[in-house]
Every structure is written in C-alpha cells, then in structure tokens.
Number of protein chains: 2
Amino acid sequence: MVTSTEENYLKAIYNLNLDRNGKGLGTNELADYLQITPATACQMLKKLKKKGLISYKKYGGIALNDSGREVAILVFRKHRLWETFLYVKLEFTWDEIHEVAEQLEHIKSKKLVDQLDKLLDYPEYDPHGDPIPKANGVSRTAFKKTLFNAELGKTYKIVAVKDSSSVFLQYATEIGIGIDVEILTKSRRDFDGFMEIEIGGVIRTISPKVAENVYVD
Amino acid sequence: MVTSTEENYLKAIYNLNLDRNGKGLGTNELADYLQITPATACQMLKKLKKKGLISYKKYGGIALNDSGREVAILVFRKHRLWETFLYVKLEFTWDEIHEVAEQLEHIKSKKLVDQLDKLLDYPEYDPHGDPIPKANGVSRTAFKKTLFNAELGKTYKIVAVKDSSSVFLQYATEIGIGIDVEILTKSRRDFDGFMEIEIGGVIRTISPKVAENVYVD
DNA sequence: AAAAATATTTATACAAATCTAATAATAAGA
DNA sequence: TCTTATTATTAGATTTGTATAAATATTTTT
Ligand SMILES: [Mn+2]
Ligand SMILES: [Mn+2]
Ligand SMILES: [Mn+2]
Ligand SMILES: [Mn+2]
C-alpha cells in the first residue's frame with residue numbers, strides 16, 4: 001500500500017526532477033519544496049527506497065525508479081482528470097479545482113479513473129493547461145516557454161499556468177489571464193523585470209513572478 | 001475536524017438506531033457491528049461525545065445528537081450520490097459501487113456534493129434503492145417490507161436491497177434480483193424458512209437470509 | 001586542510017486508532 | 001435481596017504514520 005503522503009512525495013520528486021540541467025535532486029531541496037525538515041524527508045526517502053519506489057545516492061541523487069514513476073504519473077493522471085471533471089461537468093472555476101483534486105487524486109480504483117477519462121472524452125489537457133497522462137502513462141510534453149522568456153512586441157496565446165493556487169488564479173482571472181487568451185508583449189524593464197503587456201485591449205504591468213507562471217505559445 | 005473513522009462510527013450509530021423498538025444501542029452491539037472490541041468503541045464514544053456529536057448513557061443509550069446526525073446524513077448523501085454517479089455515468093455495476101463510494105464519501109467539499117446532485121438531476125434513490133438525503137437533510141423514508149415478510153401468492157416489485165456487499169449483489173444478479181424487477185411469492189417452508197419464488201418466469205428457492213435482504217412493494 | 005554545505009542518524013514527539021487485561025457498574029434472575 | 005451474568009470503562013500498551021531538533025557524518029568548496 002502506498003499512503004497519500006507517499007504519493008505526494010513521489011509527485012514532488014517527479015516535479016523537481018523536471019527542467020533541471022543534470023543537477024541532481026537533494027534532500028534539502030525536496031524538504032524545502034514540501035515544507036518539511038530535511039530529516040523528515042530523509043526518513044521518507046529511506047522508506048520509499050525500501051518499497052522500491054525510488055533510488056538515490058547521497059548529494060543530489062534522488063530519482064524515481066520505474067514503479068515510483070508509474071505511481072506518480074497515475075496520481076497526476078487522476079489529479080488532472082478530476083480537475084477537468086470538476087471544471088467541465090460540475091461548474092467549478094479554475095481556481096477552485098486544485099484543492100479538491102488534491103483529495104480526489106488519492107482515491108483507489110482503476111476503473112474509476114479510466115471511466116472518468118472516457119466520460120470526459122479523453123481530454124489532452126486539464127483546465128490549467130497541464131497535459132493529462134493516458135492510461136498507459138504517456139502524455140503530451142508540457143509547455144515550456146513562459147511569458148517572462150517571451151520575445152517583446154509579439155502576440156502569444158496563453159496555453160498554461162505554472163502555479164495553480166487559488167490566490168494566483170484569482171488574480172490572473174482578474175487581469176484577464178486565461179487559457180487560449182491572446183497576449184501582446186510590449187516591454188520589459190531591465191531594472192526589476194516588470195513587464196508591460198496587453199490583454200483584451202487593456203495594457204497592464206505585471207511582475208516577473210506573474211510572468212514566470214504563465215506559459216505561452 | 002471529523003476524521004473518516006469518526007464519520008464511519010456516526011454512520012453505524014445511525015444505522016443501528018433504525019428499526020429497533022425502544023431498545024437502546026449499547027457499546028457491545030456497536031463494537032460487534034464495526035468488528036472492533038467494546039473497549040475501542042467505548043473510547044471513540046467518549047471522543048464523539050466530547051466533540052458534541054453524540055449523547056449517551058450507560059446500557060443502551062448511544063444516540064446521535066443534532067450535529068452528529070447532520071454529519072451522518074451528509075455522509076449518506078455523499079455515499080449514495082457517488083454510487084449513483086458511478087452507476088449512471090461511469091458504467092459501474094451495482095455490485096462494484098459500494099466499495100469505491102466508501103472512499104469517496106469522505107471527500108470534503110460542499111460544492112462538490114451539491115453539483116454532483118445537480119449533474120445527476122437530483123435522484124431520489126441510489127442504485128440499491130436507498131433514499132438519497134437532500135442538501136437540507138430530508139429524504140424519502142426507506143422501504144421496510146422485506147420479501148421474507150411478504151404475503152404468499154402475490155406479485156411484488158423489488159424496490160431495494162439491504163445488503164450491498166458485492167458477494168450478495170453478484171448472487172442476487174445471478175438469480176434475477178434487481179431494482180424494479182417483478183417477483184411472485186409462491187410458498188414458504190415452515191421448517192427452515194426457505195421460500196419458493198418466481199422471477200422472470202423462473203422458479204427458484206431462496207434462503208431466508210436472502211429474502212430478508214430484499215425489499216418489496 | 002579547513003570551512004561550508006549537505007545529508008543522515010538518533011532520540012523524541014504526537015495523533016489516531018486499535019488491542020488486552022483488569023476493573024467497575026448495572027441488570028436480571030434465583 | 002443476593003448472586004450472577006452482562007455490559008461498560010479504564011489502564012496500559014502497541015502499531016502506524018508523520019514529523020521535529022539536535023548531534024553527527026560526509027562531501028564539496030575554497
Ligand atoms: Mn492541480
Ligand atoms: Mn495530494
Ligand atoms: Mn453503499
Ligand atoms: Mn466510509
């Protein structure tokens with residue numbers, strides 16, 4: 001049996017092992033991400049290793065092995081399918097879905113997930129633009145280009161958001177940020193990275209923190 | 001916070017306090033029902049009392065108070081709505097739904113429940129014939145007449161089942177028992193209570209244990 | 001090699017849920 | 001009423017899961 005907490009650790013390890021150039025994942029970084037102490041992380045790592053879900057060597061060598069990756073991907077699949085369900089079928093807004101999906105992602109039933117997928121007609125992306133893994137574990141590659149790294153003077157389409165907390169999403173909605181919305185980059189201030197953008201005819205100044213959390217294409 | 005275990009205790013107390021003639025509910029009976037020791041039940045009762053969910057006096061005086069009943073009814077509501085959802089929307093069979101609903105019933109989100117209710121178009125009964133409480137806690141009264149207590153030589157309609165374990169439901173399905181199915185009572189053997197019935201043109205002999213788990217109208 | 005960063009162990013804690021065994025209280029029957 | 005059987009409660013312990021602080025160990029960096 002894999003507990004909910006263990007599943008959350010596996011998700012975290014998966015996420016932290018994305019977009020890092022060769023640099024391995026260490027105890028401190030994982031602990032920081034999960035808001036626990038390194039000692040706690042270390043104990044759980046020992047447990048996960050014993051269960052055959054991860055492998056790791058000291059100093060930056062935490063990685064999922066095949067069975068751990070399988071669990072993590074299934075949890076992402078469940079999480080994103082539930083989010084899509086809440087959004088599409090139950091009239092939830094995109095800032096409400098993540099929290100409930102955090103609970104639903106831990107429900108154990110293979111049939112439930114696959115039938116949910118079918119009911120939703122096999123969606124490719126969730127309401128935040130994250131790719132939904134298929135039953136076989138395969139999924140589209142996630143979007144990478146953020147608004148922060150976008151070229152100036154060009155029109156982009158918002159395809160996803162990185163942060164899915166309700167605080168961020170409520171603010172994002174307020175300033176017109178949403179999936180498939182067109183956005184024009186106007187300028188970026190060298191001094192502090194604040195950007196001027198145009199969404200729906202309105203010109204706004206956004207912080208680099210916001211810009212980094214918006215994926216465009 | 002009410003834990004899943006506590007919710008399950010409240011459900012049990014609710015159920016055990018139905019159809020009993022004045023006789024109060026005691027620790028031993030509750031413990032027996034939940035497959036735990038009386039000592040364990042006793043501790044939990046103390047805890048539930050402290051939380052203001054139940055009241056009780058020694059020797060058969062365990063009862064839900066208003067807030068405990070509210071919690072129990074909400075859990076039943078969630079359980080039965082989820083069962084209906086699994087059955088109607090996700091192609092589950094009626095012997096598969098209970099187990100998954102045992103997990104789903106503990107998910108915390110008011111909006112989720114109420115929207116689910118709406119999606120299913122406010123169903124009155126779940127796939128086992130149990131009434132689904134409304135958001136305000138009110139529900140139809142449950143069916144009471146079992147096949148065991150039915151008159152002989154009459155045609156009835158099956159309206160609900162008492163046991164919702166997959167073992168029972170798989171057997172029930174096998175012999176043609178299902179909601180809204182017509183059934184003719186033919187005879188009852190005095191010696192051991194076995195009954196002869198006719199379902200879908202087929203005559204069968206069923207045990208009193210089975211007959212007691214089928215509600216008719 | 002020393003200092004700094006990082007990782008791990010040890011010892012401790014807490015919450016939640018359960019058990020066994022001993023004890024207490026009450027109900028029921030002789 | 002007195003005794004016995006039933007029922008309930010307490011005390012003490014255990015298990016599981018998760019977490020911490022402080023001490024120790026190891027590796028990396030300077
Ligand atoms: Mn999410
Ligand atoms: Mn989670
Ligand atoms: Mn059920
Ligand atoms: Mn339950």
Side-chain angles (χ1 to χ4, degrees), chain A residues 1-13 16-17 20-64 68 71-72 75 102-103 105-108, chain B residues 1-13 16-17 20-64 68 71-72 75 102-103 105-108:
Chain A
M1 234 277 302
V2 185
T3 66
S4 297
T5 309
E6 286 167 357
E7 287 186 337
N8 289 339
Y9 270 83
L10 296 174
K11 280 206 300 179
I13 294 168
L16 291 170
N17 267 322
R20 64 173 46 238
N21 308 328
K23 190 171 56 113
L25 172 61
T27 313
N28 285 13
E29 197 181 340
L30 176 63
D32 202 59
Y33 183 83
L34 290 172
Q35 308 253 55
I36 50 172
T37 61
T40 305
C42 194
Q43 292 212 158
M44 184 56 93
L45 290 171
K46 223 161 74 179
K47 197 175 150 202
L48 293 172
K49 188 178 181 179
K50 200 172 163 188
K51 286 195 177 185
L53 295 163
I54 64 163
S55 72
Y56 83 116
K57 310 182 211 64
K58 287 176 191 179
Y59 301 91
I62 304 168
L64 299 175
V71 173
V75 179
E102 272 307 312
Q103 296 178 65
E105 72 185 4
H106 303 294
I107 302 287
K108 261 116 191 137
Chain B
M1 235 278 303
V2 185
T3 66
S4 299
T5 309
E6 286 168 357
E7 288 186 337
N8 288 338
Y9 271 85
L10 295 174
K11 279 205 303 177
I13 294 167
L16 290 169
N17 267 323
R20 61 172 51 234
N21 309 329
K23 188 171 57 107
L25 172 61
T27 312
N28 285 13
E29 198 183 339
L30 177 63
D32 203 57
Y33 182 83
L34 289 172
Q35 309 251 58
I36 49 172
T37 62
T40 305
C42 193
Q43 294 211 156
M44 182 57 93
L45 290 171
K46 224 160 70 179
K47 197 174 149 201
L48 292 173
K49 188 178 182 180
K50 201 172 162 189
K51 286 195 177 186
L53 296 162
I54 65 164
S55 72
Y56 82 117
K57 310 183 212 63
K58 289 176 190 181
Y59 302 91
I62 304 168
L64 298 176
V71 174
V75 179
E102 273 306 314
Q103 295 179 65
E105 73 187 4
H106 303 295
I107 301 287
K108 262 116 192 135

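Letters go in sequence order (proteins before strands), and every chain restarts at 1. All heavy atoms count here, side chains included; hydrogens, waters and symmetry mates do not.
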(message) Can you give me the closest heavy-atom contact between B:L30 and B:A41, atom names plus distance?
(response) CD2-CB, 4.5 Å

(request) Please determine if a side-chain N or O atom of A:T5 lies less than 4.0 Å away from the OP1 or OP2 oxygen of D:dG17. (result) no

(message) Looking only at the side chain of A:A39 (C-beta and beyond, no hydrogens), which of the listed nucleotides D:dA21, C:dT20, D:dT18 gets closest?
(response) D:dA21

(message) Would A:E6 and A:V71 count as a side chain to side chain contact (heavy atoms under 4.5 Å, CB included) here? Give the steps.
(response) CA-CA 10 Å; A:E6 286 167 357; A:V71 173; over 6 Å; no

(message) So, does A:N28 get its side chain near the phosphate of C:dA5, meaning an N or O under 4.0 Å from OP1 or OP2?
(response) no

(message) From the set D:dT18, D:dG12, D:dT9, return the single nucleotide nearest to any side-chain atom of B:C42.
(response) D:dT9

(message) Using whole Å, what does the distance between atom C1' of nucleotide C:dC14 and atom CD of A:Q43 come to?
(response) 14 Å

(request) Please report the shortest heavy-atom distance between A:A63 and A:Y56, naming the atom on each side. (result) N-CB, 4.4 Å

(request) Using atom CG of B:L48 as one end and atom C1' of C:dT18 as the other, report the distance to the nearest whole Å. (result) 15 Å

(message) Applying a 4.0 Å non-hydrogen cut-off, can you work out what B:K47 is touching in the nucleic acid: base, sugar-phosphate, or nothing?
(response) sugar-phosphate

(request) Could you check how far NE2 of B:H106 sits from C1' of C:dA17, rounded to whole Å? (result) 14 Å

(request) Grab the two heavy atoms, one from B:A72 and one from B:K11, that are nearest each other, plus how far apart they are. (result) CB-N, 4.4 Å

(request) Establish, with yes or no, whether the OP1 or OP2 oxygen of D:dT7 is under 4.0 angstrom from a side-chain nitrogen or oxygen of B:Y56. (result) no

(request) Give the rounded distance in Å between these two atoms: CG of A:L45 and C1' of D:dA19. (result) 14 Å

(request) Kindly point out which of D:dT10, C:dT8, D:dT20 is positioned nearest to the side chain of A:I36? (result) D:dT20

(message) For a quick test of reading the model, state the closest non-hydrogen atom pair linking B:K23 to B:E29 and the distance between them.
(response) NZ-OE1, 4.3 Å

(request) Can you tell me the distance, in whole Å, between the CG atom of B:D32 and the P atom of C:dC19? (result) 12 Å

Where do N or O atoms of nucleotides 27-30 of chain D meet protein N or O atoms at under 3.5 Å, pair by pair?
residue : atom : partner : partner atom : Å
D:dT27  : O4'  : A:Y59   : OH           : 3.4

(message) Using OP1 and OP2 only, check whether a side-chain N or O of B:T37 sits under 4.0 Å from C:dC19.
(response) yes

(request) Identify the heavy atoms of B:L45 and B:T27 that sit nearest to each other, and give their distance. (result) CD1-OG1, 4.2 Å

(request) Please answer whether the main-chain N or O of B:G68 pairs with a side-chain N or O of B:K51 as donor and acceptor at a distance below 3.5 Å. (result) no

(message) Counting the atoms with a prime plus P, OP1 and OP2 as sugar-phosphate, which does A:T27 contact under 4.0 Å by heavy atoms, base, sugar-phosphate, or nothing?
(response) sugar-phosphate

(request) Could you tell me the separation between the CD1 atom of B:I62 and the P atom of D:dA8, rounded to a whole number of Å? (result) 7 Å

(message) Minimum heavy-atom separation for B:E7 and B:E105, please, with both atom names.
(response) OE1-O, 4.2 Å

(request) Answer with base, sugar-phosphate or nothing: what part of the nucleic acid does A:T40 contact at a heavy-atom distance below 4.0 Å? (result) base

(message) I need the CD-P distance between A:E6 and D:dT16, as an integer number of Å.
(response) 13 Å

(message) For C:dA16 and B:Y9 - does any side-chain N or O of the residue sit under 4.0 Å from the phosphate oxygens OP1/OP2?
(response) no

(request) Would you indicate, yes or no, if D:dT18 has its OP1 or OP2 atom less than 4.0 angstrom from a side-chain nitrogen or oxygen of A:T3? (result) yes

(message) Between P on C:dA7 and CD on A:E29, what's the gap in Å once rounded to a whole number?
(response) 9 Å

